Amino acid sequence: MRLGCIADDFTGATDVANNLVRAGMRVVQTIGVPKDAGEVDADAIVVALKSRTTPATDAIAESVRACEWLRGLNPTAQIYFKYCSTFDSTPEGNIGPVTEALMDAVGSSFTIATPAFPDNGRSVFKGHLFVGDVLLSDSSMRHHPLTPMTDANLVRVLQAQSRRRVGLVDHRVVRQGALAIKQRFQQLEQEGIGMAVVDAIDNEDLLTLGAATADMALVTAGSGLAMGLPAQWGFEPNASAQRLPQAVGAQAILAGSCSAATQRQTRAFIDAGGAALPLDPLQLAQAENPVADILAWAQPRVNQGERVMVYSTADAESVKAVQARLGTQEAGELVERTLGAVAQGLVRLGVRQLIVAGGETSGACVQALDIDRMQIGPQIDPGVPWCYAHSPAASGEGLHLTLKSGNFGSDDFFIKAFKMLNNEAAV
Ligand code: ADP
């Protein structure tokens with residue numbers, strides 16, 4: 001195990017794992033900090049936490065626990081603190097406080113911060129974060145309900161949440177190559193700087209930065225830097241890093257996301273003649289045993305090897321109407337709880353290939369399936385890989401699953417994903 005990542009949310013963990021696999025590392029993602037010291041056979045391990053918006057003290061405690069667990073596997077592994085490519089945080093944290101706690105934990109006196117991910121339109125220039133063509137503070141992130149980002153100057157943003165002094169390695173230095181970057185790191189450290197925001201506007205910059213940071217005890221970044229690090233340790237993109245066991249068993253889709261992309265994807269599946277059961281939260285709230293009803297619909301189909309989809313995906317107007325009747329929180333929890341129980345039931349019925357659409361929905365399903373770690377496989381669409389895991393519901397057998405963040409994936413994602421997993425032509 002060469003690299004230990006600590007990700008501050010679930011789909012962000014899969015995102016960084018996906019980039020590492022593509023760069024040639026074999027990656028296992030754990031859900032939270034595992035209880036046992038355990039043997040994990042992988043080149044990199046990503047611990048998925050839910051620490052982005054929790055109180056800073058909780059985020060620190062969990063992150064340090066993850067760090068200690070990872071260093072228990074290999075004390076010299078590099079630690080990579082992964083956060084969102086839009087630097088989602090508040091003046092209280094959690095990026096600054098967690099970074100400083102991790103620096104203390106690994107004994108690091110200097111580290112970097114860069115959320116740059118040019119492939120996804122996130123670039124950092126002169127310390128300012130751009131989302132597509134606009135500054136972070138002019139993007140829709142300024143209206144985020146939990147972490148509104150109203151300042152694009154990352155040096156200022158990080159300084160506001162940190163005790164150590166924050167500096168900048170600007171693009172003129174990055175362009176000069178890894179050696180120049182390292183010299184700048186030394187210079188900044190001598191000036192009393194503990195953390196440096198580093199510019200990166202294209203993949204070439206991330207590769208250079210990978211070369212300059214491969215021997216640091218701790219790095220902090222979005223998922224972009226993961227493209228540049230593995231090559232420094234001799235890894236090369238290869239098919240075996242992403243190979244998962246052969247897929248078997250029945251196929252199912254659970255969609256709890258109401259995003260525009262998921263609406264198109266469920267529609268495409270239905271239009272192609274797929275067997276689909278819509279869920280109406282108002283009916284769920286009244287039914288005596290909705291999960292049994294759903295499974296009764298699914299069972300004969302699954303037994304015949306037919307692919308099934310259960311979805312609560314609806315347009316904004318219907319969601320609003322449901323929320324007005326049930327309450328936003330309550331409606332969300334009801335649907336998540338139901339889909340989680342359906343996931344468990346379907347796997348008990350023999351489903352071994354499962355697509356889940358929606359970040360929160362994925363969390364609920366993984367929890368219901370009692371999955372604590374997943375091996376990361378090939379990418380289906382940017383940021384979304386197939387994974388392989390064991391669940392007690394599969395009575396000891398393995399299960400393939402993909403957890404799609406709501407807005408990710410092409411319109412034909414559901415059909416394409418199964419084709420790819422089963423090596424069918426015309427992917
Ligand atoms: P995304 O990744 O698109 O944000 P999530 O699964 O994270 O998807 O969030 C979707 C939320 O909406 C979940 O809490 C889910 O239970 C809830 N939800 C799903 N369908 C409906 C619906 N028809 N009406 C109201 N809420 C819904």
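Counting starts at 1 for both ligands and their atoms, following the listed order. In this text, all values refer to a predicted model and were calculated from it rather than measured experimentally.
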>> Evaluate Val384 against Phe413 for side-chain contact (heavy atoms from CB on, under 4.5 Å), listing each step before the verdict.
In response: CA-CA 10 Å; Val384 202; Phe413 181 88; 3.7 Å; yes

> For Arg325, does the CZ atom sit with more than 12 other heavy atoms under 6.0 Å from it, leaving out its own atoms?
Replying inline: no

> Counting heavy atoms not belonging to Glu204, are there more than 12 under 6.0 Å from its CD?
Replying inline: no

>> Working to the nearest 0.5 angstrom, can you tell me the gap between Ser259 OG and Phe408 CZ?
In response: 10.5 Å

> Out of His400, Gln251, Arg307, which one pairs with Gln353 under the side-chain hydrogen bond (donor to acceptor under 3.5 Å, both in side chains) rule?
Replying inline: Gln251

> Can you name the side-chain contact (heavy atoms from CB on, under 4.5 Å) partners of Thr147, sequence neighbours left out?
Replying inline: Thr53, Asp88, Thr90, Met141, His144

Exercise answer, ligand 1 polar atom pairs (N/O) under 3.5 angstrom:
| unit_1 | atom_1 | unit_2 | atom_2 | d |
| --- | --- | --- | --- | --- |
| ligand 1 | 2 (O) | Gly359 | N | 2.8 |
| ligand 1 | 2 (O) | Gly406 | N | 2.9 |
| ligand 1 | 3 (O) | Ser257 | OG | 2.7 |
| ligand 1 | 6 (O) | Glu360 | N | 3.4 |
| ligand 1 | 6 (O) | Thr361 | N | 3.0 |
| ligand 1 | 6 (O) | Thr361 | OG1 | 2.6 |
| ligand 1 | 7 (O) | Gly359 | N | 3.2 |
| ligand 1 | 7 (O) | Glu360 | N | 2.7 |
| ligand 1 | 14 (O) | Glu336 | OE2 | 2.5 |
| ligand 1 | 16 (O) | Gly332 | O | 2.8 |
| ligand 1 | 20 (N) | Ser312 | O | 3.3 |
| ligand 1 | 20 (N) | Ser312 | OG | 2.8 |
| ligand 1 | 23 (N) | Ser312 | O | 2.9 |

